[in-house]
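For reference, the structure is listed below as C-alpha cells.
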Amino acid sequence: MAEFLTFAAQGILTRVALLAEQKFSLLWGFKGEVQMLRDSLSLIQAMLRDAEQRQDRAPEVLKIWVKKLEDIVHDADDVLDEYEYEVLRCKVVLENQVYKKVQNFYSLHNPIAFRVHMAHKIKKINLSLVNLKNEAASIGLASLDTTSHDIDVRVDRETDSNFQIDESNIIGRGELVLGIVETLIDSNNNQKNSPTVMAIVGLAGIGKTTLAKSVYHDGQIDTHFRTKIWICVCIPFEVKAILSGILESLKPEKAAIKGKDAICKNLQEELKGKRYLLILDDVWNDNLQKWDDLMSCLLKVNDTRGSTIIVTTRSDRVAKVVETLPRCDMRKLSDNECWLILKDKAVPFGSAPISEEQEITGRKIAKKCGGVPLVAKVLGSIMRSKDSNEWLAIEESTIWELPEEENRIFSVMKLSFDELKSPSLKQCFAYCSVFMKGFKIEKNDLIQLWMAQGLLHPSPNREMEDTGNAYFNILLENSFFQDVTRDEFGVITHCKMHDLVHDLAEHVSKLKSNSSDIRHVGHIHTSILQSIPKRSVQKLNSFFLNPYFQVVLSDIFSSFRCLRVLNLYMVNILKLPISIGDLQHLRYLDISRTQITTLPKSIGKLYNLQTLRMYGLKLNKFPKEMRNLISLRHVMFDTQLCFKRFPIGIGRLTNLQSFPFFIVGENGSPGIQELACLNQLKGKLAIYHLELVKDGDEAKKANLVEKTRIQKLSFEWAKYWPPKNKHDEDVLEGLKPPPQLEFLEINNFLGDHLPSWIETNALFPALRTLSIREARNLLQWMEAEVLPAFPCLEELSLLHCHQLTTAPSHFPSLRRDLLLCQKRH
C-alpha cells in the first residue's frame, strides 16, 4: 500500500531534481540557493524511501508529511519552469533581433529584478524543505539509499467493434454467440418499423463487450444486416451525443453537425430503407424518458424493418427498460476455461513449457478468478515471466479474502498496478483518468499529454516520445489498454480502457493526490470551474472542457497560472482570448474542431508549447509570431488547414517531429529551404506546390535525405497549374528522400524521366508502397542498375501516366499493382 501513498511524490521529486541539475547552467546570481535546493531534494528523496517502508507504523502522520512534500515540490517545479521560460524568451528575442544590442533587450525584463524574484522564491522553497526535514526527524524518518527505483525503459475505454488479438478466439462463449445470432435473424421477420432490442447482462469483466463483438463480426450477421453501427455509451447517457455518434459512424464527414434536429434529419436520410444492427455498449441509463427520447428519433426513420439494437449492461434495471427480445444473461466461465485464458497470457507462444508445479499453482489461481475472464486475463499478464515462487505468492495473496466479488476483481486490478516498478509509469497510468469512460484514446495524443505533464524524463540517448512509447507498450502488455487499432504500417494508433481499469485509474489518481489542490480537471462546464476555489484554480495543470456545453472563456485564463494542458476540442468558441499568452507553463493546446478563425498574436509567447493540435480549423491565416514557438515538437492539422501557409521562419522550429504538410510559397511565404534544419521530422510529410521551386539546387536545400525518421513522403505539383518553369525533373532529382522510406507518392509531375534515385541508383530497402499519378509527360521508367532496388515493394500504382511505355518488372514482393497508363478518352 505504500506506493499508493508515495508514487506521485516520488515522480514529481525525481523530475524536479533532474530540473535542478540540468536547467541551471546559465544562473544569474542565485547559485547558492539552487545548490541548497539540490542538496535538500537529495535528502528528501532518501527520507521518502524510508516513508515507503514505515507508512504502516504511522500512516496518518506520513500521509500529512507526504502531502506537504508534494505541495512544496510542485511549487519548486513551477519555479524552475518559470526560469526555463525566461531562458526561452531570451533566446526568441535575440533570434528575432528586436534590439540591436543585448543590453537593450534586458530593458524589458530587468535582470536584477528577475534574479531577486527567483532567489526569493527558491529561498522560500528551501525554508519549507528545512521545516519538512525537521518534521521528518520528529516522526522518525531517516535517510535511506536514494538509488532510483525507476526502471530503465528500453524502446523496443471507449469500446469499438474491432477484435484484439486475444479476443478473436473467445473461450466458452461459442454456443452463446450462435444462440444470439439465431435470435436476431429470427427477429428480422418482424414487419414493424421499430427495431427490436436485446440486452446482454453480466457483471464487470465477464465479457459482455467481447461477446457483442463476436456477434457483430459473425458472417450471418454480415449477410442479414445491411448496416452495422457500434457506439460506446457509458456515463452520462447523452441522447444527442449518441445520435451524433451514430451519424458519424455512418458519415464521418457529418461529425460536425451539432443540432439534435439536424442530426435526426440526417439519420433519417442515411438509414432510410436499411436493415441495421446497432450495438450500444456499456449502458447505465435506466431512465425510461431518456431511452424513449433516443428511440423517438430512430422510429422516425422509414423502412427499417428487421433492425435490431443490442445493449450491453451490468444492470438488470437497464435491461428491463430497453429489452423487447429474450435477455442474454452471461454465465461465469468454468475453472478450466479461466485457466486457458490465464495460461494464454502467462505463457507466451514459443516459450518453454511450464513445470507441473507451476500448472498446479496456475490452476488454483484460475479457480480463484471466480469465472471472470478479465481477472484471468489480468492475472495472466502479471504472471508472465515469473517463477514458481512468484506464482505461489499470488495464489496465497490476501486479495482473495475480500467478501464482495467486485472488490476482489478490483483488488486484482490493483495488484497489477502495484507490479508497475516505476513511479513515473504509475503516474502515466493515473493520468489516464482524465479521459471519460469509453473514450477512444489516440496513442500519440496520450504520449504528448504525458510529456506535457513532465512525466517522461528526457535523457541524452532517449527522447521523451520514445520513453512514452515504451510506457504505453508496458501498460498494453499488462492489460491496462485494450481494443487497439493500427495504421497502414502496423503501428498502434488508438486504444481503449476497460471500465474497471478506468475505475482503477480514478482510484489511484485520487489516492496519489494527497494535496488538497486540484491538479487535473476533465470535461467540465465553466460554471463548475467557477465553483472551484481560486487557489486551486491557480494550481490547475490540466483543463479539458466539455464540448457539449456552451462556453464563454473571456479572460479566465489569466487565473490559470500553472496550466500545462488545455484541451478545447469541439468546444463552441469563436476565438482565443489574448490572455492565452499568459500561460507560461503551457505545453499542450488542442483547439481542434472549434469555430476559431484567427489566432491571437499572443500565442507566440507560448515558448514552452510542445504540442499544438488544430484539426478541422478554418483559420484565415497564421500569425507570424508562431515562428517563436521554439519548443514545438508536434503540430497537428489536416489538409483543410494546410493551404493557409505558415509564416517565414518556421524553419527555426528545429524540435518539430510531427508536421504533416508543407506548402511551398512565393512572394513572402516560406520557401522549401525552410525544411532544411527540420531533421527531427518523422511519420508523414506531404510537400505541396512544388511547381514554385525554381530548380534542383533549391530543392536540395530541403535536405530530405537527412530526414531519416520520415516513413511516408508525398510530392505534389499543382494539377492545373500552367508550368512556370521546366525544371520538374531537376526539382524531383533534388528531393532525394531518405533510404528508410516506406511510402512514396508523386502526383502531377511533368518531367519526361524519373530521377536517378528511382532509376539507375535506386535502393530503397524498406519501401512498401510507390504511387505515381498524373505524370502526363513521363515516357519511360528504366530498370535500376542494382537489383532488387525495391525488395520490399508490395503495392505499385501508376495512374494516368499517358505516355509511359516501359517500366521495371523486377519487384519480388509485389502483391498489388494498379497500372492505368493508357490515355483516357
Side-chain angles (χ1 to χ4, degrees), residues 1-4 7 149-151 153 156-157 164-167 171 204-207 333 335 337-355 357-402 405-430 432 470-482 484 495 497-505 507-508:
M1 293 293 291
E3 283 291 328
F4 270 170
F7 77 87
H149 287 198
D150 261 21
I151 56 175
V153 180
D156 284 45
R157 131 153 164 120
Q164 291 179 260
I165 293 174
D166 57 357
E167 287 180 326
I171 294 172
I206 201 68
L333 297 180
D335 294 344
E337 289 167 339
C338 283
W339 164 241
L340 293 175
I341 293 173
L342 187 148
K343 182 181 178 182
D344 182 62
K345 279 290 193 179
V347 187
F349 179 77
S351 60
I354 60 174
S355 65
E357 179 184 5
Q358 274 187 298
E359 178 163 349
I360 292 173
T361 304
R363 286 186 175 275
K364 289 180 179 179
I365 294 173
K367 187 175 183 178
K368 292 186 175 185
C369 290
V372 179
L374 179 64
V375 175
K377 182 178 174 181
V378 171
L379 282 173
S381 298
I382 297 173
M383 294 161 63
R384 186 190 300 119
S385 302
K386 294 187 181 298
D387 59 28
S388 298
N389 291 331
E390 291 171 304
W391 282 32
L392 188 61
I394 293 173
E395 194 266 325
E396 295 176 347
S397 171
T398 58
I399 63 173
W400 309 110
E401 298 173 5
L402 294 170
E405 188 165 40
E406 293 219 0
N407 288 342
R408 288 199 299 273
I409 296 172
F410 193 81
S411 294
V412 170
M413 304 298 300
K414 184 173 72 66
L415 179 63
S416 184
F417 173 82
D418 290 339
E419 284 290 308
L420 301 176
K421 303 303 182 184
S422 163
S424 296
L425 180 55
K426 289 182 176 180
Q427 283 186 291
C428 286
F429 171 71
C432 294
Y471 279 1
F472 181 93
N473 289 336
I474 292 172
L475 294 174
L476 178 62
E477 290 166 2
N478 285 277
S479 300
F480 289 110
F481 296 143
Q482 63 179 35
V484 299
C495 70
M497 298 175 71
H498 191 280
D499 282 357
L500 282 178
V501 177
H502 191 279
D503 290 343
L504 176 65
H507 179 67
V508 299

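If you're wondering where the values come from, they're calculated on a predicted model, not measured in any experiment.
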Closest contact, heavy atoms only, [X] versus [Y]:
X    : Y    : result
F417 : V508 : CE2-CG1, 3.9 Å
G371 : C338 : CA-SG, 3.6 Å
S422 : Y471 : OG-OH, 3.5 Å

Would you give the length of the straight line joining atom [atom1] of [X] to atom [atom2] of [Y], rounded to the nearest 0.5 angstrom?
X    : Y    : atom1 : atom2 : result
Q358 : L392 : CD    : CG    : 10.5 Å
T361 : N389 : OG1   : CG    : 9.0 Å
L475 : L425 : CG    : CG    : 5.0 Å

Q: Measure the shortest side-chain to side-chain distance between C369 and L379 over non-hydrogen atoms and say whether it is less than 4.5 angstrom.
A: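 Yes - at least one pair of side-chain heavy atoms lies under 4.5 Å apart.
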
Q. Quick one: are I365 and K368 in side-chain contact, heavy atoms under 4.5 Å?
A.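 Not in contact.
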
For [X], give me all partners under side chain to side chain donor-acceptor pair (under 3.5 Å), at least two apart in sequence or on another chain.
X    : value
E359 : R363
K364 : none
S381 : S479
E337 : R331, S334

Q: Go through the steps for I341 and L333 under the test side chain to side chain contact (heavy atoms under 4.5 Å, CB included), then give the verdict.
A: CA-CA 10 Å; I341 293 173; L333 297 180; 3.5 Å; yes

Q. Does the W391 side chain pair with the main chain of M383, one donor and one acceptor, at a distance under 3.5 Å?
A.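 Yes; judged by distance alone, with no hydrogens or angles, the pair exists.
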
Q. Are the side chain of K345 and the backbone of R384 linked by a donor-acceptor contact shorter than 3.5 Å?
A.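 Looks like no, no N/O pair under 3.5 Å.
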
Q | Partners meeting ring-ring contact (aromatic ring centres under 6.0 Å, His included) with F480 (sequence neighbours left out) | A |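 Scan of F480 (ring-ring contact (aromatic ring centres under 6.0 Å, His included), adjacent residues dropped) gives F429.
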
(Q) Just to verify, what does E357 make a salt bridge (Lys or Arg N to Asp or Glu O under 4.0 Å) with, not counting sequence neighbours? (A)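 Once residues adjacent in sequence are excluded, E357 has no partner under the salt bridge (Lys or Arg N to Asp or Glu O under 4.0 Å) criterion.
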
Q) Given L374 and H498, is the side chain to side chain contact (heavy atoms under 4.5 Å, CB included) satisfied, shown in steps? A) CA-CA 9 Å; L374 179 64; H498 191 280; 3.7 Å; yes

Q: May I ask you to check whether over 12 heavy atoms, not counting those of K386, lie within 6.0 Å of atom NZ?
A: yes

